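Working notes, structure below.
Since the model is a prediction, treat every value here as computed from it, not as a measurement. Residue numbers start from 1 in every chain, and the chains themselves are labelled A, B, ... in the order their sequence lines are given, proteins ahead of strands.
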Amino acid sequence: MRSYECLYIVHPAADTAELNSSAQKYSETIQGKGGTLKQADIWGKRALAFPINHHTDGSYILLRFDAEPEAVTELQWRLRVDDRVLRHMVSYEIPEGAGRSDELMVLTEKKDRDRRGRGRGRGRSPGRFRRDDRDRGDERGRPDRSDRPAGARPAEARSGASQPAADRPAGHAPAAPSTTREGGDD
Amino acid sequence: MPRIRRKKKKAKRLPSKKKPCKFCMTQIDVVDYKNHELLVRFVNDRGKIAPRRITGTCAHHQRILVRAIKRARYMALLPFVREHYR
């Protein structure tokens with residue numbers, strides 16, 4: 001026997017009655033394979049961090065139980081087959097409250113705030129570039145240059161070279177197509 | 001014109017003070033993937049896991065933490081990437 005826990009996400013359209021019956025159903029699956037249910041916690045509906053099957057919300061249910069590995073395979077199979085279950089995960093049990101401490105929350109909280117206040121380069125000297133600071137978001141293509149008129153660059157270059165050539169007598173024309181500055185010195 | 005190369009002066013850096021591992025300090029050896037309020041503090045605003053040199057977490061606890069973050073991501077408690085960033 002081992003202690004496991006299973007967290008799964010139910011379709012957002014499920015009401016309280018459906019969530020209760022779902023928790024009940026899977027508890028029975030565990031008990032049917034000789035396991036014992038310790039806790040069935042219905043978290044209720046909450047926003048998902050990213051859409052799953054185009055759903056932005058989902059209801060979470062947590063089951064804590066002791067069971068043999070065979071019961072876990074059975075449970076996982078049933079969860080996978082159920083199309084009202086968007087996602088599920090069985091892991092070894094993390095006892096309630098384990099790894100949670102107010103002291104740790106205070107420690108992490110305070111440090112984060114301090115860093116955030118100091119501008120660029122969170123917590124280290126400003127101006128030091130590290131690969132993690134790089135903004136990868138812009139790497140998807142060439143920068144947007146739609147603000148410039150089409151072919152602006154070549155047109156400028158052409159006008160710069162042609163103007164001094166026009167001022168000059170025709171005989172000097174072959175010297176003109178160098179750079180603009182050299183043409184002016186002549 | 002030939003370019004004159006000058007030797008770059010190396011900026012002197014003070015040896016940084018080692019940051020303490022917060023999990024060691026509070027003697028916590030389990031990180032719960034369901035505790036997303038804690039986990040978001042070890043993830044930057046793009047959703048990337050913060051390196052140890054930033055958070056000061058020791059190698060042992062970073063491994064535990066990373067596993068928890070990845071589990072939390074799978075269960076949609078934490079984002080893989082924040083799409084609406086920027």
Step through it carefully: locate the ring centre of A/Y92, locate the ring centre of A/Y4, and say whether they are under 6.0 Å apart. yes
Which portion of [X] sits near chain B, non-hydrogen atoms under 4.5 angstrom:
X     : result
A/Y60 : side chain
A/I52 : side chain
A/L86 : neither

Evaluate the ring planes of B/F23 and B/H61, with Trp represented by its six-membered ring, and classify them as parallel (under 30°), tilted (30 to 60°) or perpendicular (over 60°). parallel
Counting a contact as any heavy-atom pair under 4.5 Å apart, which residues of residues 28-35 of chain B contact chain A? B/I28, B/V30, B/V31, B/D32, B/Y33, B/K34, B/N35
Ion pair present between A/R64 and A/E93, side-chain N to carboxylate O less than 4.0 angstrom? yes
Is it true that the NZ or CZ of A/R78 lies under 6.0 Å from the centre of A/Y26's six-membered ring and within 45 degrees of the ring axis? no
In terms of heavy-atom proximity below 4.5 Å to chain A, should B/L38 be classed as side chain, backbone, both, or neither? both
Return the option, out of A/R100, A/E103, A/H88, with the maximum number of heavy-atom pairs under 4.5 Å with chain B. A/R100
Name the member of A/G99, A/S91, A/A47, A/G58 that forms the most heavy-atom pairs with chain B at distances under 4.5 Å. A/G99
Of all heavy-atom pairs linking A/Q76 and A/V90, the shortest is CG-CG2, 3.8 Å
Can you name the closest pair of heavy atoms from B/A59 and B/R52 and give their distance? N-NH1, 3.3 Å
Is the shortest heavy-atom distance from the side chain of A/D66 to the side chain of A/I30 under 4.5 Å? no
Under a 4.5 Å heavy-atom cutoff, which of B/M25, B/R73, B/Q27, B/R71 has the most pairs with chain A? B/R71
Taking B/T57's backbone N and O only, do any of them form a donor-acceptor pair with B/K22's side chain (distance below 3.5 Å, no angle check)? no
Would you check, one step at a time, whether the test side-chain contact (heavy atoms from CB on, under 4.5 Å) holds for B/L77 with A/R46? CA-CA 9 Å; B/L77 298 170; A/R46 47 171 294 156; 4.0 Å; yes
